[in-house]
Each structure stands twice: as structure tokens, then as C-alpha cells.
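For reference, the structure discussed in these notes is given below.
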Amino acid sequence: MSDIVHDDLTESADDHDSHGHHESTGVDNRKLGMWFFLSSEFLFFGTLITNYLLFKGRDFGPGSIYPVEFYDIPFTSISSFVLLMSSLTMVLAHAALVRGDQNQTRTWLAATGMLGLVFVSGQFFEFTEFVNEGLKLTTNPAASAFFLLTGFHGIHVVVGVVLLLSLWGKSVRQPGGLSPEQGLSVELVGLYWHFVDIIWIVIFVVVYLIQ
Amino acid sequence: MATIAPQKIATVFRRPEATTGFWSWITTVDHKKIAVMYGYTAFGFFIVGGIEALLLRIQLAGPDGTFLTAAQYNGLFTTHAVTMIFLFVMPMASAFFNYLLPLMLGARDVAFPRMNAVSYWIFLFGGIFIYSSLFFATNPAPLGGNLPGGALDASPLGSIPNGGWFLYAPNSGTQFSPGTSIDYAALGLQILGIASLISAVNFIVTIFNMRTKGMRLLRMPVFVWMTLIVAFLLLFSLPIIAIALFMLTADRQFGSVFFVASSGGDPILWQNLFWLFGHPEVYILILPAMGMVSEVLPVFSRKPLFGYPAIVFAGGAIAFLGFGVWAHHMFSSDIPTVAQAAFGLSTMTIAIPTGIKIFNWIATIWGGRIRLKTPMLFSLGFVALFVIGGLSGVTHAIVPSDWQQTDTYYIVAHFHYVLFGGAVFGLFSGLYYWFPKLTGRMYNERLGQVHFGLMFLGTNLTFGPMHWLGLQGMVRRTWVYSADTGLGPWNMVVSIGAFIIALSIFVFMVNWTWSKRKGEIAPNDPWDARTLEWTIPSPTPEYNFGVEPTVTALDDFWHQKYDEDDEGRAVRRPEADELVDRLIEANGNPTTEIHLPAPSYFPIIAGFGMMLLAYGIIYHTRPWGIPLIVVGILMLISSLLGWGGEPLEEVHEEHLDGQGDSDHDPGSLDPNQESTPRELAGVED
Amino acid sequence: MSQAVEVHHPKPKDYIRIAVVLGILTGFEIALFYLESAVGDDLPGWVFPVALLSLSAIKFLMVVAYFMHLRYEKPMLSRVFSIGAVLALSLFLILLAISGQIVVFG
Amino acid sequence: MSGRQSKRVWRRYALLGLTSLLLAACSEQTLPLNSLDPKGPIAERIDGLFWPVFWIAVIVFFLVQGALLAAILIFRDRNVEGQKEPKQIHGNAVLEVVWTAIPTLILAGIAVPTISAVFDLADCPTGAFEVDIVGHQWWFEYSYPDYDITTANVLVIPTETEVCANMTSDDVLHNFWIPNLNGKRYLVPGSNTELRLNADEPGEYWGQCAEFCGLSHAKMRARVIALDQSDFDLWVEEQQEVPEPPAEGTPEWEGLQVFQQAGCTGCHVLAGVNEPSRQDVTVVAPNLTHFASRSVFAGATLPSGFDPTQEEREAALASWLADPPSIKPGSFMPDLGLTADQIDALIAYLESLE
């Protein structure tokens, strides 16, 4: 914490103020709030990943089955790649908006949302497969932890898709496209989206690839 | 003044317009009104939790008590803890944060006023949700178990959550707690956690971003610092309990087996996760009180806080270390020896920053000119009692001693000295200190001192003997003890003490109610104080500051009033009285138009939707369960969208002095953003 | 949103380059997975986890630095973000350590 | 005003002092669960760790509270004209260092013996006398793997012997605590924990489940009886015998009929009655083979008192058999609706099971 303080001790809080009352740190309230929220999200996912790691190696007695026996690595690799690329389209959408290119913004926002949907559908398919093959939430704690972790991540993706599509809807509906201020919303949704992506980067390796 | 012009906006509801009366409270986004609602709600729950404590103490006054049944007792000790922690101390602290943060920082509101209102309503409905278990929950005996007479516990008291606030697995699982009462506790805590997480983000951003000109971080009052630290603790500890509660709810409702030992689940994992949150939670409860005491002691000693940076740093250190000591709640549990030793050591280190605070406080009053007014008495009481709690805390860091002490009344004594003698005394100190600010009137000093005297006596009579009882072998959470254990006499003393505390609280309520209406009109700066909230009229005007203050030092207001002579003694500047009057005058009569965030219906709808969602989850197997979930989610989404759809402020011709403020759920979208003057101003920068 | 900050942003081309690198790193990860299945027994047990974790850490940092443009923001935001990351990492490593013992001895 | 004020403060502290005096005076009472009354080497080691820390705490307490009180008394506002304002002192770096360093040193001093005790007391020594403890809602089951004995509520151990309890739980968390002999330790379902016990003298030591374990947590109590090695050997012999069935027509025989017909055998095991081989039985209730040899029953809650007479014992047993859930709410032993005659017969039978 003292590091955060340091910035502020050396520069006066009112350096950037010309008039009225604005952000003492020079970072928009919403953006600052978003970064703190994302920082806190590490603890959410940290707990879930830890659960999985704790249970994945335990012995649940004879005849028990483990999520690792069900993984379809080629399939998950593709959906991981899809999510990774959606981060690219997201950042392109934001870059286009900064340039003032409303058309491209619209396209890339839609593309990001679509890629997100593809990822979620893939996860839905994966879950269905697992359940059909006999791995259920109720099977054992390792299975419970797997479903809760990936499910919780999946819900994050769904929320992101909803946000993206509603932004896209606005950019289509509004005559001049997104306003510069809505650029901040795009930026915030982008931060959230990239965060969901980096969490998957970790999950992909820690849960799926490390044996 | 707030200009509220009706305007046509495409929202579900017409914009609320009331500025007084019932609807103004329901729709308010004013941090002061929200604070008042937090305060009264929290105090209401304090009375409930207190009555629960008295019932427990009646039962335990003598051996083999028959006043309560086992089910009632187990329910009452659970809800007593939940109520006092989550529904009293935390929201009461939140009331202070809400009221004081903007005032101490020189701001017109918090960073996200509507999120602030959402926090309050979610908290309120969360509390109602937990207590609705009285009427809706069930608490049958575990499968195969028999209750006296073969019947369920008939009274409503028998149906409240009864697994302890810690909800230890596997007792909290469906096998051993088959009814719905545990679900009420788990989901209720989840809801309260969401409310706190939202406020944590809000407070952090407020503190970082809403400081007035010149208010550098190290010029902020200690109370603001402690708020910041608490908000960080909430931000990083709540996610852990949120996931743990998700896991418990999933176990109970959807058949996962995280904590079901017979399926390979791990009950100790619950303990780890719970205390990873639970220990920082202790500091969440005590740090706000430490902040208030750090404000009160200097004012009533007429000296600056001794070692301001040390006190701030110690607060940060306590918070940081607080994350690394959770396993000391589990010394007799199934953790390896090396971990026991390591956590014993880390626990001991907490005593160091705590000591720094205590010593600095004593140094603050040392050499001062101590006025023993009620707020000061409570602050001094805080220091005295907290020292006892801190010292007994060190004795449980001695791991083998803790093997004897844990789960006995010795622990109960320890944390009540910290949380009642500490946190609650601090909160009362604050309530008396800022009473004139809130109401514009003075409380009755004599009654205040009677309150303090009774409460100090009652606290020591209640919690002092508990040390002894614990060492003599009285185990916690037992609804009866046998006369043979010889624990009877001291239990009687404890119970008498509890009623003395109750009496003192009654005195407080009389004082408050009477003084609020009939008390003397408070002078502008009744305590000759040091911080910005005393430079504005009392009660605080809706816009807080008529003129945005500029600060040049820590305790800026004091330095404006006082100079130092050659010896370093404070000397009141001749123009001080005039200055105070002028400041109050200017702040009470703004020359420019001030735009305030407009009230909104959506926060209360969001809070209500959250509660419906929770009911829906508990009863998802009933035909009306799923519809309830859907309605709850729809209410949540529609209120978030609706709230995104209404501008924070009404549209103005010209932007004169916009509220530094933007209010959005992070990630929610705002189609009318361009109409918000503040945002335009932001772009101009 | 300050325009002054936006100026430093990479061009779309740069983003695509970064994405290509990310894709290649993902390819490496998958390759490592199959390599471990094939020759894992001949190497010490820590080699593959360490390699995989390093690759994912690099990807993680690239996304954070460029796509979330944390590199171009005020340092304060990096600190805000890393508090959560570091805290989560250290707490859960400790938790894994003490619980791991339970598995070993229990 | 200020004079009266200070008197009040004094009175408060005087009262506090009085309270602590009373505290000391009452310690003569019989306190069977007193953790400050060690009766074995392990408890003594813990006790030896507690007191020095306690006295250090007392010294710190008086220093800090003394300073606080002195500050209040010396520097209170006397409310006189012309009283000078205080010097505006903002802090002192040297003092900060001092009051950081001194507690650190004290804590370091405390830490050394603590850590060594943690490691010394942690693991059972090899070759210790082994017992298995299983926690049930709401009673403790004890078995002796080396002697093929299973009993409940009363744990019998030899004196001056390192006893190693291997513990687990059948349902929820429990916590086994015999304050005179050692600190407490959890019983965790699905895993094993160890607790060492060692008693110097023969005697009866009281205990209590310390972790909240559901409705009747308060009634989950325990007794440890320590016997000299020779007495212990006798006890083992006695416990290994299978009791003779009572002669037909006697009250005991009638009790046995009730035992077999009223449903008791559905949960309770009794060697020679419904236990062909001990291993096959799933334990849901205490093994009653040598019921009469145990000083307490019903989760060690009955009979109460230190030295109950046979009449008191039988009265307690009658009340327990008549309505168990009223004594232990949630009890898995139901109210079987026994008549007074049946209860008398059962008591006669059970009390014959020495």
C-alpha cells in the first residue's frame, strides 16, 4: 500500500485540477473502481483454483473418476484459442473507437461478442459431454471443484457477452455511433473482458495442461 | 442548492422528486441520508442482537438452565454473532464512513452515490432475509435424531440458523442440518457480503479520487485512513468467503460434495477458507473504531495525534499481517505442526503494530489538556479495554496454551474485550462526538457519562469473569453446564453484568431521543475540533460544502485557529472566532449553483431483487422457486439498466460547479452519458 | 479518458503481432502437454509444470500490459492490480502448503 | 466537575480490582474441568508456558493502564482561568523505535519456549499405549486395538504412561478435551488426528467436547479414569470377559428380554447377546457389554455429582431410559415408550453387566 501512497506524496493532489472537483489521482472514478474490482476478482478465482488443486490429486476410493480423465485437450485448446483471439478483437474495437472509426468499432464489438458466445457454447458442450460420460457435480469434490471453477468463469464470460452486445446495440442504434464518453464504457468492458481472458490463460494451464 | 427539474427520460419510472418525507429516504442517494439509514438500521439490529445476548445469559445464569431449549440456544448464539458482526458493527461503521468520508475529504458526495444506496438496500434486505428465517425456515433434527416429545421445536426461535456464525462443515451440510435455516444464514451472509464489497470499491475510489484541493494522502484524518484500510480488507477478504459460501450453498442445494466427508470432501478446507476471511474480518470490525478514537483523543486533549504516520502505518501493518494469521483459529484442528508454529509466530507479530497504536494514543493524551466529555470517556475506555483484549490475545498466540483455551469462554472474553470493549466503545465515542454534527444539537452530558459508567462497569463484569470461566473449563456454545463443574457463581455475575450493559444502552437511547429534539442548540464548532466536517453548519447541509475547501496541512482547521508560541504551546489566533463564523457562513450559503446527484428508485429495487433471488435459490425445488429466481434477476437487471438509463444529475444549461462524480456499476452501460455535465467536463480536461 | 494517454497506444498492427505471439505461445503450451505425455517419464517431474506455468505467465503479462494497456497507464493502476494478484498467489500458496501436508500425512 | 470526575474514574478501577480479588478467592472450589490444574506431564508443560506469559501480560497491563490513568489524572483539564494550552508535540522518532523494539523483544522471548513446546508436544512418541477414539453425535467411543475392547463415555488409561489417542469422527467435527491432562484436539471425519494423554496419579478426570457439534453439543462430555498399571490390567481382564447370560426368571433375565424385544439391539452391541464377531457391527450407539463398569453414561452426562450413590445412579438411568431426547435433544436414541416395569427390569439387567 505504501507504494500507492508514494505517487501521491510527491505530487500534490490538486496538480491536475484546473476547476471544479475532479479525480485526485487523475484516473476516472469508474476506471479506478474497475481496476480495484478486478484486483479483488483475483481472490475469487484464486479460491476456486485452489479448491480444484486441493482436490484433484486426492484419492476418493476405488472406482472413483477424476475430471482429468475426461479432458479433451484438442477441443479445449481450440476454445482457449477462441477466447484469446476475442481479446484481440476487443482491443481492436477500442482502438477503432479511439481513432473515431465507428464502423470498425461496431464490427469488432460484434466479433468479440460472437467469439465469447463460441467459447461459452464450447463450455456448455464440454459440460454436457462430461455429464453424459458420468462426471457430475455430485461425483466427488474434484468434480465439484472443476464444475464450480469453470462454471464461475463461464458466468463471467456470459456477463461479458451481455455487456458487449448491449454496447454493440447502442453503436448500431445511435445515429452517430458510440459517443466519446461511451468510449470509457468500451474501455471498461474491455478491461473486464481481458481479465476474463487472463484468468482462462491460467485455468487452461493449471487445470487442463499440467498433469 | 440542488436543482431538481422534472424531465422526460425514457426510464421505467418517473424520476423521484421528493426531497423530504418517506420517499426522499427511499430514493435518496445522499451519503448523509444513507448514513443515517445505516445508523438506525444497525442500531435496531444492535438491540435485537443485545436481546439475544440477554436471553442467552438468562439461560446460562445458573447451571442446567431450562429457560431455552437446545435448538433455541444454538439458534440464538448463532444469530447473536451474525447480528452483531454483520448487522451491527459493520453497518454502523459504514454509517460513519458514509457520513464522514466526504466531509473529511472536502467532497460533496462519495464517488458512486447510487452504488452507495444500492449497498444500503442490499444490506437491509440481507438482514431482513436472515431474520425472516424466524417465520419461514425449518430446523428438523438430523435424520434419525429425536427431539423431546418427538416434535419439532415449535417456537419461531427454534427455526433460526443454528450452525454457529462460522457454519463449520460438515455440521452445516444437509446431512446434519437438514432444514432450511442454514441456507438462510449462508445466503444471507452472501448478500451482506455483496453489499460490503460494493461499498468497499466505492469507499476506496472516494478516498483516492474525491479529495479536495491539497488533501494529500498523508493529510487525511486517521479515520479516513482506517476506512481505506478497512475497504482494502473487505475488497480482498470478502471474495474468499463468497466462494466458500457458494460452495456451501452448492453442497446444500445442488448436491456438490466439497464438505461432505463421506464423499471425500474436506471439512478443514471450510475452516481455512472461513478464517482466511474471518480473521481480516476482525480487523474490519476494529479498525473503524481505532480511526474514531484517533480523531477523538487529540481533540479532547487539545494536542495533535502523536505519531500520525506511525499510527497510519501500524493500521496498514495490522491489516497486512491480518491476512497471514488465519490458522490460529485452528490450532487444535488438523493442521501440521510446522504450520502451527509459523502461525503462532505471525500471530504474535500482530501485537507489535497494535502496541504502537496504544502507545501513541497514550502519548497523545500525555501532556494534553484532557476534557473528560462523554466521547473522550468512551475513547479512553476503548484504550483501557482494548489493552486487555490485546494482552489476552497474546496468550493464545502461545500455541500450546491455545490448545487449552480455544473453544472456551476465555476466547469469548478475549474477543468481547476487543469487539465490545473495543469496537463498540469506539462506535459510541463516535456517536457522541459527531452527534452535534448530525443533529445540530448537543446530547445530555450527564446522561452520557452515566451511560459510560454503567457500560464500563457492565463490560468488565460481563466479560472479565469469562476469562476465568474459560480457564476453569467452560466450553463455548453449550446451552447447559452441569452444577458439578463449579461454574455457576461466575456465570451469575456475567449475567448480571449483561443486564447492566443493557441498562446503559437504555440510558443512551433516552439521551439520543431526547437530545435530538430537545437538546441545546450546538455551537458551530463545539469541540474546538481539527477536521473539515466542523467548518460547515450543523446539521450538514445537503451539499456539504458551500465553498470547496483547500487544505494545506494535516488538521488544517486547527492550524487556522491556533498558532504555536515559542514554547510550542497552542495559542488561539485572535481572529479564530471570526474565522470559524465566516467559514460556517460561507459554507452555509453557497454563491454558485451546486448540482447534486438526483434520487433514484432503482437502488431499493435492486436490493429487493437480490432478496427474492435468495429466496428463489432456497426454494428452487418448489414450483414457485424458479419464478422467484427469474423475478429477482429481472429486478436486478432492470434496475441496473434503468439506473444506467437515468442520468446521475439532471441536465443543466451551463456547467458551473459539477459534482465530481460518476456513478455506474463497473461495466454497466450508460446510453445517456453525454448528457451528464460532469462527463463533459471530464473530456475537456 | 485522457487523450494524452491514448497517443502512446500501439497501432492495430501491433495488437495483431501481439496476438500472433500469444497464439504461438499457446501452441507451445499444447505441444508441451503432448510432449509430456510422450517423454514425461524421462525428465524430472517439475520440468513441464514449470515450463507451462512460465508460458502462461508470459501470456498473462502480455495481455495485461498491452491489451489492458497497463503499460501505458499510471503506475498506480499496476500497483492496484498487482496487490490482488500477489495477495491471492501468496495466500493460496500458503493454503496449498498447509493443506498439502494433510494429504501427505493424513 | 473535574474532581468528581476523577473520583468516578477511581471508583471504576477500584471495582475492577475488587473483581479480580474475588476471582482469586473463589479458586478453591472444586473445578473438575480446570485447565490450570495440570495432572500430568503434558498439561504441566502447557501450564508452565501459560503462567510466565500471564505474568508478563499482567505487568504490561499495569504499566499501560497505569500510564493511561496517570495521564488522565495529571493532565485533565482543571477548567481554571489562564491554564496554559498544551505543547503541540507531533511525535518522537526515538520513542516510536523504543516502543516497537521492546514488544518485539518480549515477543521473541516468548516465542522460543512456545515453538519448542509446540514441537515437543506435537507427535505421539513411538511405542505409546494406543487407544482409538471415535466421535459420535453425542458421545465418545473408545477402543483398545491391542486388547480388543470397545467401550464408551469412560476412557480408562494406565497412569504414568504415554497414551496416544488416534482420533476420528463418525459424523461432524468434535473436539476431545480433558483439561487436566492436555489441551484439546479435533476429531475430523475422514481423517485422523492424534492426542497425547498422560496422567501422573490414579483418578477421574473430566472432559467435554469443545467443538460445536449440533443440538446436544453441551451434553457431549467425557471421563478419563486413570488406574495404576495393576488395576488397569485387572480392568482389561474384566472387559475382555463375555458376561454370563442371566438365569431365567430373574429380574436381570427379564431385563434381557426387554433389551432384545424393545429395539435396543438395533443400535447397541452387547457381547454374548447380539455380537457374534465384533468387526461386523456398524456402531451407531455405545457398546454396552460392560455397562455397569462405567461410572457415567448418556454422553457422560449422567449420573451427575462426584460420587453418586447406586440409588442416584439408578434414578438417572431410569430418567434416561424413559425419555432420552429430553436429556439429549436430537438424540439418536428414541423414546421407546417403555413402561416403568420394563425400565426397572432393564436397569436390573444393565447394572449386572460388570
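Throughout, a chain's letter reflects where its sequence line sits, starting with A, and its residues are numbered from 1. Remember, it's a predicted structure, so these values are computed and weren't measured experimentally.
Considering all non-hydrogen atoms of both residues, D:Leu173 and B:Gln271 come closest at CD1-NE2, 3.2 Å. Contact record, B:Val480 with D:Arg221: O-NH2, 4.0 Å, taken as the closest heavy-atom pair. Taking every heavy atom of both residues into account, D:Ser35 and B:Gln404 meet most closely at CB-OE1, 3.5 Å. The minimum heavy-atom distance linking D:Phe50 with B:Leu471 is given by the pair CZ-CD1, 4.0 Å. Shortest non-hydrogen contact noted between D:Trp99 and B:Asn360 is CZ2-OD1, 3.3 Å. The minimum heavy-atom distance between B:Ala70 and D:Pro329, with the atom names listed, is CB-CG, 3.8 Å.
A donor-acceptor pair under 3.5 Å links the side-chain atoms of D:Gln88 to the main chain of B:Arg302, judged by distance alone. Panel note: side chain B:Arg569, backbone D:Glu85; a donor-acceptor pair is recorded below 3.5 Å. A distance-only check finds a donor-acceptor pair linking the side chain of D:Lys184 to the backbone of B:Thr406 [under 3.5 Å].
Each side-chain hydrogen bond (donor to acceptor under 3.5 Å, both in side chains) pair with one or both residues in residues 206-220 of chain D, not counting sequence neighbours, appears once here: D:Tyr186-D:Glu211. Sequence neighbours left out, the pairs with a member in residues 478-489 of chain B that pass side-chain hydrogen bond (donor to acceptor under 3.5 Å, both in side chains) are B:Tyr481-B:Asn491, B:Ser482-B:Asp484.
When each of B:Gly367, B:Ser392, B:Ser177, B:Ser172 is scored by its heavy-atom pairs under 4.5 Å with chain D, the top score falls to B:Gly367. Among the candidates B:Tyr562, B:Trp403, B:Phe331, B:Phe300, the residue making the largest number of heavy-atom pairs closer than 4.5 Å to chain D is B:Trp403.
Contact check for B:Ile388 versus D:Gln65: side-chain heavy atoms found under the 4.5 Å cut-off.
The ring pair (Phe, Tyr, Trp, His ring centres under 6.0 Å) test with D:Phe212 is passed by exactly one of B:Tyr168, B:Phe77, B:Trp165, B:Tyr73: B:Phe77.
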